[in-house]
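To start, the structure under review is shown below, and the notes come after it.
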Amino acid sequence: MKRKRVKELLANPVTGEKVLVKGWVRTKREIKNVAFVALNDGSTINNIQIVMELSAFPADLLKDITTGASIGVTGILEPSQGKGQSVEIQAAEVILYGRCDPETYPLQKKGHSMEFLREIAHLRFRTNTFGAVMRIRHAMAFGIHKYYNDRGFFYLHTPIITGSDAEGAGEMFHVTTLDLNDLPHTKEGGVNFEDDFFGKPTNLTVSGQLNGELGALALGEIYTFGPTFRAENSNTPRHLAEFWMIEPEMAFWDLNDNMDLAEDFLKYLIKYALDNCREDLEFLNKMIDTALIERLEFVLANSFVRLPYTEAIKILEAVDRKWEYAVGWGRDLQAEHERYLVETHFKRPVILTDYPKAIKAFYMKQNDDGLTVRAMDVLFPGIGEIIGGSQREEELDKLTARIEELKLPLKDLWWYLDTRKFGTAPHSGFGLGFERLILFMTGMSNIRDVIPFPRTPRNAEF
RNA sequence: UCCUCAGUAGCUCAGUUGGUUAGAGCACCUGACUGUUAAUCAGGGGGUCCUAGGUUCAAGUCCUAGCUGGGGAGCCA
């Protein structure tokens, strides 16, 4: 007999039908003559109620049906006599696949703290919250591919291992096959990377952007979606050492086109979640963040504020308030400033543009004022910077001058500069932190709880 | 990395000014209950008080260092 997923069973219940379901027991309630088992198979947040007449099953089997045990149930789908569910399965046959010792199984039917669940990340998928978060995470990954595919963007796989240390986005993890206890040395005493696997020092990528630009300047519109690694000693609820990033890059698009894309893209994903993850969102709205759905609908319904950095500074300088970090043109905005603009002043997402060039990366397009670059950061309530992007500098002399000014290794970037030498074109792109998107979509408050296996300083368990 | 708070039963936490045998709720086990909904009711078992030093007649409680975790900041996505 073919097994049915609980999701399809509940979506399309045919009472009187004989069905087979398989899954994990969430709870069992036993009264005098009958036991009620809530069974979950991961396909949906909802459980199917299994009704077992105590007289019809061996006592040993009933004893083994505990929270966490895996079973298969064959029976007739019937309208439920009780409240709380419309249908239930009157069990005729129950197979026990795996026992689950209730004395040692760490998950209980009661709620657990996120901190505790993080210590048992291998089992936390079995909770309602992590089931919901992981299903939404999947839906967002799928929605991202669908969004770009439907718009003619090509999914470009940029390398995980890079020989370039010019990406300029923080500390990198080294990749080597050298024996760290017996390193080969050069005459000068340094490590001799000639003997290493690639014949030179290599690292894990901190961004696919530079490679993405190469693809865009031939394919037109591309996007990357892959893991990214930062060896920063960041200990916050918003940072991971290994995270996923989406980086679209578009030839012949300027900064305004770029902002239009960022806003449309984020709204598409919000709508996709509201349309496709309703039950999981409702669960999270009830248990994790009661303002979640309201906030998603609000962001979907309202346009983002677009504001040049210089105007933002004026707004912040006019506020009668003592900042922990001083506000002034040329200084980078701190979390408190961004939060004020998004959460207090505008009360909606804000896209800040045209930052001073000194506080932004070398590849950003220089404005005619000689002071600012065509950067854009999308700031979200509660999350802060969710997207960072820019129009890229496509003029070879300006880009070269900037690289030299910042004393970056010009010769290592010869391949990047070649795109400006041969048929250069204006182009733009941005990076969206996938886990930060999931934070926003789920109302979860710690980024370690929206990725299956978080990697953070001093933690690579599981 | 800096600031700050915390670490006591499987989980969440209480534990007074340092003072006899360290408590509660939930979970678990046993029993009761004619349809439950994180079922309910009664009973029972369960402790390296984070680790290492120190102060003291006496430390879960005070001091020092470390480890782990939370929150905030920086770096950023």
Side-chain angles (χ1 to χ4, degrees), chain A residues 26-38 46-55 63 66-68 78-85 88 90 100-120 127-128 167-171 206-209 226-247 262 287 323-325 332-336 338-339 359-361 377-380 383-389 430-440 445-451 456-459 461:
Chain A
R26 282 292 165 77
T27 71
K28 181 179 68 170
R29 295 175 291 274
E30 214 167 298
I31 54 170
K32 187 152 189 174
N33 297 319
V34 67
F36 299 95
V37 177
N46 297 306
N47 304 322
I48 183 85
Q49 173 156 285
I50 311 294
V51 183
M52 297 174 74
E53 295 293 334
L54 296 188
S55 57
K63 206 171 152 58
T66 58
T67 300
E78 291 182 347
S80 179
Q81 297 173 32
K83 293 179 186 122
Q85 61 281 315
E88 62 193 16
Q90 192 69 43
C100 188
D101 177 13
E103 287 279 7
T104 52
Y105 185 54
L107 290 172
Q108 304 167 2
K109 8 181 166 178
K110 278 204 70 140
H112 293 288
S113 67
M114 292 300 150
E115 293 81 10
F116 173 67
L117 293 173
R118 226 168 276 150
E119 292 170 11
I120 51 163
T127 64
N128 286 330
E167 287 164 356
E171 291 297 308
V206 293
S207 165
Q209 182 199 316
T228 304
F229 308 88
R230 305 265 169 100
E232 296 289 348
N233 192 8
S234 297
N235 294 285
T236 84
R238 294 180 306 283
H239 290 86
L240 292 165
E242 177 183 286
F243 64 99
W244 290 66
M245 189 153 66
I246 299 97
E247 295 176 290
M287 305 299 288
W323 302 106
E324 195 180 333
Y325 291 84
D332 207 354
L333 295 178
Q334 302 297 319
E336 57 174 338
E338 295 180 350
R339 199 171 301 135
I359 58 173
K360 286 294 180 183
D377 284 1
V378 181
L379 309 178
F380 258 33
I383 313 285
E385 184 181 340
I386 195 167
I387 278 180
F430 61 79
L432 167 68
F434 186 54
E435 283 75 20
R436 288 192 181 171
L437 173 78
I438 307 303
L439 279 179
F440 179 74
S445 51
N446 193 312
I447 202 163
R448 298 164 197 207
D449 300 328
V450 297
I451 188 168
T456 52
R458 306 193 63 81
N459 178 32
E461 192 66 51

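In what follows, every chain begins at residue 1, and chains take the letters A, B, ... in the order their sequences are listed.
Here Phe440(A) pairs with Phe380(A) under the ring-ring contact (aromatic ring centres under 6.0 Å, His included) rule; sequence neighbours left out. When the side-chain hydrogen bond (donor to acceptor under 3.5 Å, both in side chains) test is applied to Arg238(A), no partner is found at least two apart in sequence or on another chain. Ser55(A) is linked by a side-chain hydrogen bond (donor to acceptor under 3.5 Å, both in side chains) to nothing, counting only residues two or more places apart in sequence or in another chain. Under the ring-ring contact (aromatic ring centres under 6.0 Å, His included) criterion, Phe116(A) pairs with His112(A), sequence neighbours left out.
RNA chain B is contacted by both Arg118(A) and Thr236(A); Arg118(A) maps to the nucleotide lying nearer its 5′ end (nearest heavy atom per residue). When each of Pro457(A) and Lys83(A) is assigned the nucleotide of RNA chain B bearing its nearest heavy atom, the one mapping closer to the 5' terminus is Lys83(A).
Residue contacts for Ile387(A): at a heavy-atom cut-off of 4.0 Å it reaches the sugar-phosphate backbone alone, with no base atom in range. Leu240(A) comes within 4.0 angstrom of a base, heavy atoms only. Counting any heavy atom pair closer than 4.0 Å across all strands shown, Ala35(A) reaches no nucleic acid atom. Heavy atoms of Gln85(A) sit under 4.0 angstrom from at least one base atom. Heavy atoms of Glu242(A) sit nowhere under 4.0 angstrom from any nucleic acid atom.
Atom CG of Asn46(A) sits about 9.5 Å away from atom CD1 of Ile48(A), to the nearest 0.5 Å.
Using N1 to N3 plus N6-O4 or O6-N4 for Watson-Crick, or N1-O2 and O6-N3 for G-U wobble, each under 3.5 Å, rA73(B) pairs with rU1(B). Across every strand in view, rA38(B) sits unpaired, with no contact that passes the Watson-Crick or G-U test at under 3.5 angstrom. As the counterpart of rA6(B), rU68(B) is assigned, both hydrogen-bonding distances of the Watson-Crick or G-U wobble pattern falling under 3.5 Å. Pair assignment for rG25(B): rC11(B), on the basis of Watson-Crick or G-U wobble contacts that are both within less than 3.5 Å.
Residue side chain Phe243(A) meets the stacking definition with respect to rA77(B): its ring centre sits within less than 5.5 angstrom of the base's six-membered ring centre, and the planes differ by less than 30 degrees.
Atom-to-atom, CG of Asn235(A) to P of rA73(B) comes out at 13 Å; the value is rounded to the nearest Å. The CZ-C1' distance, from Arg339(A) to rG72(B), rounds to 9 Å in whole Å.
Between Ile438(A) and Val450(A), the shortest heavy-atom contact is CG2-CB, 3.6 Å. Closest non-hydrogen pair, Met245(A) versus Ser207(A), comes out as CE-CA, 4.0 Å. Closest approach of Glu435(A) and Phe243(A) over heavy atoms only: OE1-CB, 3.3 Å.
Under the 3.5 Å distance criterion, with hydrogens and angles disregarded, no donor-acceptor pair is assigned to the side chains of Arg230(A) and Thr228(A). In summary, the side chains of Asn235(A) and Arg458(A) do not present any donor paired with an acceptor at a separation below 3.5 Å, with no hydrogens or angles considered.
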>> What does the B/S/- profile of nucleotides 5-13 of chain B look like, 5' to 3', with a 4.0 Å heavy-atom cutoff to protein?
In response: -----BSS-
Between N or O atoms, less than 3.5 Å apart, protein on one side and nucleotides 30-32 of chain B on the other: list the pairs.
{"residue": "rU30(B)", "atom": "OP1", "partner": "Lys63(A)", "partner atom": "NZ", "Å": "2.9"}

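Dashed line: the shortest gap from a side-chain N or O of Arg458(A) to OP1 or OP2 of rG69(B) is not under 4.0 Å. The side chain of Lys109(A) places no N or O atom within less than 4.0 Å of a non-bridging phosphate oxygen (OP1 or OP2) of rU37(B). OP1 or OP2 of rG71(B) lies within a sub-4.0 Å distance of a side-chain N or O belonging to Asn446(A). Contact annotation: Gln334(A) side-chain N/O to rC75(B) OP1/OP2 distance is under 4.0 Å.
Each of rC76(B), rC75(B), rU37(B) was ranked by its minimum atom distance to the side chain of Arg29(A); first place goes to rU37(B). Out of rU1(B), rA39(B), rU37(B), the shortest distance to the side chain of Asn233(A) is found at rU1(B).
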> side chain to side chain contact (heavy atoms under 4.5 Å, CB included) between Thr67(A) and Lys28(A): does it pass, once the steps are laid out?
Replying inline: CA-CA 7 Å; Thr67(A) 300; Lys28(A) 181 179 68 170; over 6 Å; no
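Residue side chain Ser234(A) does not reach the base of rC76(B) through any donor-acceptor N/O pair under 3.5 Å, judged by distance alone. Checked by distance alone, Glu336(A) brings no side-chain donor or acceptor within 3.5 Å of a matching partner on the base of rG72(B).
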